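Every value quoted in this text rests on a predicted model; they were computed, and no experiment measured them. Letters go in sequence order (proteins before strands), and every chain restarts at 1.
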Amino acid sequence: AQSVTQPDARVTVSEGASLQLRCKYSYSGTPYLFWYVQYPRQGLQLLLKYYSGDPVVQGVNGFEAEFSKSNSSFHLRKASVHWSDSAVYFCALTPGGSGNKLIFGTGTLLSVKP
Amino acid sequence: ETAVFQTPNYHVTQVGNEVSFNCKQTLGHDTMYWYKQDSKKLLKIMFSYNNKQLIVNETVPRRFSPQSSDKAHLNLRIKSVEPEDSAVYLCASSLTVNTEVFFGKGTRLTVV
């Protein structure tokens, strides 16, 4: 069965520090992978996606993620966080042939201390 | 700028009532979805429509029924709501079945 695991329910960092949010997936093939962000009382916004090719993908607002097939991971990184990055971050995958069904992780609440 | 519009933003109702949520997308997309986000922020797909045809129907109670009048609209009706239906319902769309998914801001349902 396909699944996405985000082991950290909450991460707190200081403004200007670097950030890594972890994501592990379980899928027998090569999935399409995504990171979404959800601000309070908002829908989900796509940060970045990986379909194939270069395992490091760049997203919006300075975010990047690295796909590792050997580790079944798709960790999100940012070199220097801003207080406005405080939100819930979701990792998700789409199995091939699923009709674009997104399978989400449980989310990581990021709090950035000023 | 949001291009997937959901109404209402909030709805409070009593157990056993019927509710209906509307969703419209102005992106010209062919595929639309309903997701449910529970109180723990867990997100699960409920339905997916492509060109008004149902293509994904996860295991949801039969009291939930999607309704699509055209490619730009996908409404969700819940007959006889239960307390466990309290959640945020997110509508989404994508150009086709293998492209980026855009989400609306959600409808928060509270069943009392």
Side-chain angles (χ1 to χ4, degrees), chain A residues 1-11 21 23 25 29-52 57-60 63 65 86-111, chain B residues 1-10 21 23-25 27 29-51 53-60 66 74 87-108:
Chain A
Q2 307 96 7
S3 66
V4 176
T5 301
Q6 293 180 248
D8 305 309
R10 179 188 287 260
V11 170
L21 300 182
C23 173
Y25 69 88
T30 299
Y32 296 161
L33 291 159
F34 309 85
W35 275 98
Y36 282 86
V37 61
Q38 186 176 35
Y39 298 101
R41 291 173 294 283
Q42 299 288 315
L44 283 81
Q45 300 171 29
L46 182 68
L47 281 178
L48 46 80
K49 59 183 181 286
Y50 173 80
Y51 288 167
S52 65
V57 291
Q58 304 296 322
V60 298
F63 285 96
S86 297
V88 180
Y89 292 78
F90 291 95
C91 182
L93 72 81
T94 294
S98 68
N100 223 24
K101 176 174 72 174
L102 283 164
I103 297 171
F104 286 92
T106 50
T108 297
L109 173 62
L110 173 65
S111 298
Chain B
E1 181 95 21
T2 301
V4 180
F5 302 96
Q6 294 186 238
T7 56
N9 295 327
Y10 304 93
F21 304 145
C23 179
K24 170 187 173 182
Q25 53 93 3
L27 297 164
H29 288 170
D30 285 346
T31 308
M32 295 187 73
Y33 316 80
W34 278 105
Y35 282 81
K36 179 181 180 181
Q37 186 172 36
D38 66 19
S39 59
K40 297 182 179 178
K41 299 250 182 231
L42 295 174
L43 280 150
K44 286 196 172 179
I45 191 167
M46 301 175 70
F47 303 102
S48 170
Y49 270 72
N50 185 54
N51 274 320
Q53 298 297 314
L54 181 66
I55 58 172
V56 172
N57 183 356
E58 293 296 289
T59 306
V60 298
L74 182 63
V88 176
Y89 293 87
L90 290 162
C91 179
S93 73
S94 64
L95 183 61
T96 68
V97 292
N98 286 314
T99 56
E100 178 181 343
V101 179
F102 294 81
F103 285 83
K105 294 186 177 182
T107 294
R108 181 177 297 277

Report the residues that fulfil side chain to side chain contact (heavy atoms under 4.5 Å, CB included) with B:Lys41, sequence neighbours left out, ordered by chain and then residue number. A:Gln38, A:Val88, A:Phe90, B:Gln37
Residues two or more places apart in sequence or in another chain: which of them pass side chain to side chain contact (heavy atoms under 4.5 Å, CB included) with B:Asn50?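 B:Asn50 satisfies side chain to side chain contact (heavy atoms under 4.5 Å, CB included) with B:Asp30, B:Thr31, B:Ile55, B:Val97 only.
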Taking the six-membered ring for Trp, are B:Phe103 and A:Phe104 parallel (under 30°), tilted (30 to 60°) or perpendicular (over 60°)?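 Plane angle over 60°, so perpendicular.
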Interatomic distance, B:Ser93 atom OG to B:Glu100 atom CD [nearest 0.5 angstrom]: 9.5 Å
Given a strict heavy-atom distance threshold of 4.5 Å, which part of [X] is in contact with chain A: side chain, backbone, both, or neither?
X       : answer
B:Leu43 : both
B:Tyr35 : side chain
B:Tyr10 : side chain

